[in-house]
Amino acid sequence: MSAIPIEKNDTMTIYSSIHALVAQAVQQAVAEGVLTLNAETPHFVVEPPRDPAHGDLATNVAMMLTKAAGKPPRAIAEILKKHLESAPVVAAVEIAGPGFINLRLRETEWQNEIRTILHDGRHYGDSKLGQGTKVLVEYVSANPTGPMHAGHVRGAVVGDALAGLLAKAGYDVTREYYFNDAGTQVDVLARTTYLRYREALGEDIGAIPEGFYPGEYLKDVGQALVARDGMKWQGKPEAEWLDPVREFGVQYMMRMIREDLDLIGIHHDVFTNEREMIENGTLEKSFKILEDKGLIYVGTLPPPKGKVMEDWEPAPLTLFRSSNFGDSTDRPLKKRDGNWAYIMPDIAYHYDKIRRGYSLLINVLGTDHGGYLERMRPVVSAFSDSKARLEVIFNSIVKVFKNGEPVKLSKRSGNLITLREMVEQVGAGAVRFFMLTRDPKSQLDFDFTKVVEQTRDNPVFYVQYAHARCCSILRHAGEIFGADELTAEKLQKADLTPISSPEELLLVKGMANWSRVVEAAATACEPHRVAFYLLDLAALFHGLWNKGNDNTSLRFIVADNKPLTYARMALIKAVQTVLQSGLAVMGCAPLEELRNERPTDV
RNA sequence: GUGCCCGUAGCUCAGUUGGAUAGAGCAAGUGCCUUCUAAGCACUAGGUCGGAGGUUCGACUCCUCUCGGGCACGCCA
């Protein structure tokens, strides 16, 4: 029986190459007539078994083939076993349980994985899963009426990390911010700005009345307006100042928001706004397109169910046939008075996204926007002829704590925990990491005290500590070898055969999972999986470190054994690299030491 | 009334898209500092995966029903 050659290219991982090997084994068994299939080989997986005692890799291929082959899974596994055993990278093959094929690879395969990590550096784990698909991630999108506060941060971080994750997974990502500068909210902004403007000119405005924004931050805007325009608007009727003051306020707020976002390292590629959508005709055009597709008609909707509405009166309205695309009802695009309904700018905006060629649209929103997905999916389907896909990442609220006590937030009084405050107190990296330590759908408690705690149960610290330890070890080793000898380039050439203990290889296998995590997390649009992966990897590393307590020969630096130590430095450098790669996806800066420092920078 | 989300150890949460004996941290118990950082590590104990059916070689995962909690459900914005 001839050995099966493995075709290997740059983007292949251990898992994908073994997957290919298994597929080849199936083909070969068929070619030799020992296996007959009456259907295509179904989708099977090659993955690390839950229990490491089962081997390095496991595949369910035999169980998946039972129908096509008309044989019990263990019989199929027996046939494939013979083929797999002949592969040079395979050390052992076992059949277990209902028909799993467990593979053990030669140690050199794992040692080579260390070289791959050192070679790929920050690009280790990159995937071509997305195949360059154009994806637009829209996040933050807060209206320009105030600074970023705790309520915005989670969505901002989740969106940004998701964008980073999709980029790593091979998508062509655009980070976009959409703001509403044409509705009543920005009119309130304009009126409040005008009030603060009069205040800045020395008028006594008293308390901020109901229906205005109470926040102190608008005093600055009033003063800035005085600085620019002087007394130009004083005593003038609203009709004269409303437009220019609104524009001034919006620009001021957007500048402030961008500065806030910069504090946690968030920079959108594109800013889009509602006014532009209306003024450049996109809105009219999107309506026309729906009309041309025969999706607009005039009709009367039944009253909404399950909700008492005293003022309900049936009336003929301009409707969009969204029920053609799975919506529970058709939607009015114009109000009774003939003006556009409020969803129309959103519709226009999503038309614009499609027009720009995106086939995957992702919006990051709070769970309180529950109805959004049902309303917008039909829109996206209509404009793209069902070719583009809209996904919404809903994230739950963040509850803020200090010393275990909940911090009361009140938007009405303008008493909010600002993003700036969070970053100044715990550091940008910690804010970002912590926001990603939970599935977005579940509620998150953000405790200022816990985030900076240097203990095992603070995931931010635990992962950073692992990275800092790698740095520390390499610093110490530099005294033996000279720092010049510990670069990734030099370490790649090390003899890695000393890396052979089960504990060390377990760590390497953990690192080899990185690309699988990238792909799975990107597919699920769940960046928090990266945080959990890093936590796992850090635990493996800390565990190995502490093995040195019981057994000095397992310490990374063994003074009287330079070849061994040098090989282990390659391992440490690899761990450092993977941690950095993961932190980079999350947008957190890796820390080189923690002793007297807080995470401060992005 | 309808739709979406959640329900996993005493607490806070993961669970590799259907795989083998369901995992971490905290809290409880035990052991480990002559060290490259004990800011930690190892071990013990803890479960009817809300409940009941179904699909199949195999279900925390998919389907139906059901109970409990959250969020939505206008021509308002």
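Here is how names work: the chains are called A, B, and so on, in the same order as the sequence lines, proteins then strands, and each is numbered from 1. The figures that follow rest on heavy atoms only: side chains count, while hydrogens, waters and symmetry mates do not.
- Remark: A:K450 does not engage A:E453 in a salt bridge, criterion side-chain N to carboxylate O under 4.0 Å.
- A:R469 has a side-chain polar atom (N or O) that falls below the 4.0 Å cut-off from OP1 or OP2 of B:rA38.
- Annotation: B:rA14 and B:rC49 have their C1' atoms spaced 13 Å apart (nearest Å).
- A:M344 comes within contact range of no nucleotide atom at all, as no heavy-atom separation falls under 4.0 Å.
- At a threshold of 4.0 angstrom between heavy atoms, the contacts of A:E274 with the nucleic acid are absent.
- Counting non-hydrogen atoms under 4.0 angstrom, A:N60 reaches a base of the nucleic acid.
- Electrostatic pairing of A:D187 and A:R246 counts as a salt bridge here, judged by a charged N lying under 4.0 Å from a carboxylate O.
- Under a 4.0 Å N-O distance rule, the pair A:K402/A:D447 does not qualify as a salt bridge.
- B:rC13 and B:rU56: their P atoms are spaced 36 Å apart (whole Å).
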Report the C-alpha distance between A:L283 and A:M344 in whole Å, list the side-chain angles of each, state the deciding distance to 0.1 Å, and finish with yes or no for side chain to side chain contact (heavy atoms under 4.5 Å, CB included). CA-CA 7 Å; A:L283 191 145; A:M344 201 51 219; 3.9 Å; yes

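- The local environment of NZ in A:K81 is crowded, with over 12 non-hydrogen atoms from other residues, nucleotides or ligands closer than 6.0 Å.
- Nucleic acid contact class of A:L373 (heavy atoms, under 4.0 Å, all strands): none.
- Side-chain N/O atoms of A:S472 include one lying less than 4.0 angstrom from OP1 or OP2 on B:rU37.
- Only the P atoms considered, B:rC76 is 24 Å distant from B:rC71, to the nearest whole Å.
- Across the strands present, B:rU44 finds its partner in B:rA28; the criterion is a Watson-Crick or G-U wobble pair with both atom distances under 3.5 angstrom.
- Pair check for B:rC73 finds B:rG1; Watson-Crick or G-U wobble, both atom distances under 3.5 Å.
- Using the Watson-Crick or G-U wobble rule with both distances under 3.5 Å, B:rA59 pairs with nothing in any strand shown.
- Note that A:R191 lies outside the cation-pi zone of A:F212, set by a 6.0 Å cut-off to the ring centre and a 45° limit from the axis.
- In this structure, the ring of A:H476 has its center no less than 6.0 angstrom from the ring center of A:F556.
- The side chain of A:F461 sits closest to B:rG40 out of B:rG40, B:rC36, B:rG19.
- Using the six-membered ring where Trp is involved, A:F446 and A:F448 have ring planes that are perpendicular, over 60° apart on the 30 and 60° scheme.
- In this structure, A:T523 reaches the bases: a heavy-atom distance under 4.0 Å links it to at least one base atom across the strands shown.
- Taking the six-membered ring for Trp and thresholds of 30 and 60 degrees, A:H19 and A:F44 have nearly parallel ring planes, at less than 30 degrees apart.
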Each nucleotide N or O in nucleotides 41-43 of chain B that has a protein N or O under 3.5 Å away: list the pair and distance.
residue : atom : partner : partner atom : Å
B:rC41  : OP1  : A:R456  : NE           : 3.4
B:rC41  : OP1  : A:Y462  : OH           : 2.4
B:rC41  : O4'  : A:N546  : OD1          : 3.3
B:rC41  : O4'  : A:N546  : ND2          : 3.4

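- Pair assignment for B:rA9: none, as no Watson-Crick or G-U wobble contacts are both less than 3.5 Å.
- Below the 3.5 angstrom threshold, one finds a donor paired with an acceptor across the side chain of A:N102 and the base of B:rA20.
- We find that the ring of A:W545 and the base of B:rG40 do not stack by the test of centres under 5.5 angstrom and planes tilted less than 30°.
- Here the separation of B:rU64 from B:rC11, taken at their C1' atoms, is 33 Å to the nearest Å.
- Residues of residues 316-333 of chain A that place a heavy atom closer than 4.0 Å to RNA chain B, in numerical order, are A:L317, A:P332.
- Across the strands present, B:rA38 finds no partner; the criterion is a Watson-Crick or G-U wobble pair with both atom distances under 3.5 angstrom.
- A:T455 comes within 4.0 angstrom of the backbone, heavy atoms only, and of no base.
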Identify the pairs formed between an N or O of the protein and an N or O of nucleotides 8-12 of chain B at a distance under 3.5 Å, and give each distance.
residue : atom : partner : partner atom : Å
B:rU12  : O2'  : A:R438  : NH1          : 3.0

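- Across all strands, A:A477 comes closer than 4.0 Å to no nucleic acid atom at all (heavy-atom distances).
- Residue-environment remark: CD (A:E592) stays at or below the threshold of 12 foreign heavy atoms within 6.0 Å.
- Taking atom C1' in both B:rA45 and B:rC26, the straight-line distance is 15 Å, to the nearest Å.
- Side-chain contact of A:E94 with A:N102: a donor-acceptor pair under 3.5 Å is absent, judged by distance alone.
- A salt bridge is absent between A:K509 and A:E504: the closest approach of a Lys/Arg side-chain nitrogen to an acidic carboxylate oxygen does not fall below 4.0 angstrom.
- Remark on RNA chain B: of its neighbouring residues A:E374 and A:D51, the 5'-side contact belongs to A:E374, judged by nearest-heavy-atom nucleotide.
- Under a 3.5 Å cut-off, the side chain of A:R568 and the backbone N or O of A:R555 do form a donor-acceptor pair.
- The residue A:R516 sits close to a base: some heavy atom pair falls under 4.0 Å.
- Across the P atoms, B:rA9 and B:rG23 are found 14 Å apart, a figure rounded to whole Å.
- Salt bridge annotation for A:K399-A:D445: absent, with no cationic side-chain nitrogen under 4.0 angstrom from a carboxylate oxygen.
- Taking the C1' atoms as reference points, B:rA59 lies 32 Å from B:rC43, given to the whole Å.
- At the heavy-atom level, A:F532 lies under 4.0 Å from the strands shown only through sugar-phosphate atoms.
- No donor-acceptor contact under 3.5 Å links the side chain of A:R50 to the base of B:rU21.
- Among the protein residues, A:A521 comes within range of no part of the nucleic acid, since none of its heavy atoms lies under 4.0 Å from any strand.
- Look at the P atom in both B:rG18 and B:rU37: the space between them is 45 Å, to the nearest Å.
- Positionally, the nearest nucleotide of RNA chain B for A:A96 lies more toward the 5' end than for the other of A:A96 and A:H476.
- Among the protein residues, A:R529 comes within range of the sugar-phosphate backbone only, with heavy atoms under 4.0 Å from sugar or phosphate atoms but none that close to a base.
- Heavy atoms of A:D439 sit under 4.0 angstrom from primed sugar atoms or phosphate atoms, though from no base atom.
- Between the side chain of A:D327 and the backbone N or O of A:R375 there is no donor-acceptor pair closer than 3.5 Å.
- Relative to the side chain of A:A58, the nucleotides B:rU16, B:rA20, B:rC71 differ in distance, and B:rA20 lies closest.
- Stacking between A:H369 and the base of B:rA72 is absent under the criterion of ring centres within 5.5 Å and planes under 30 degrees.
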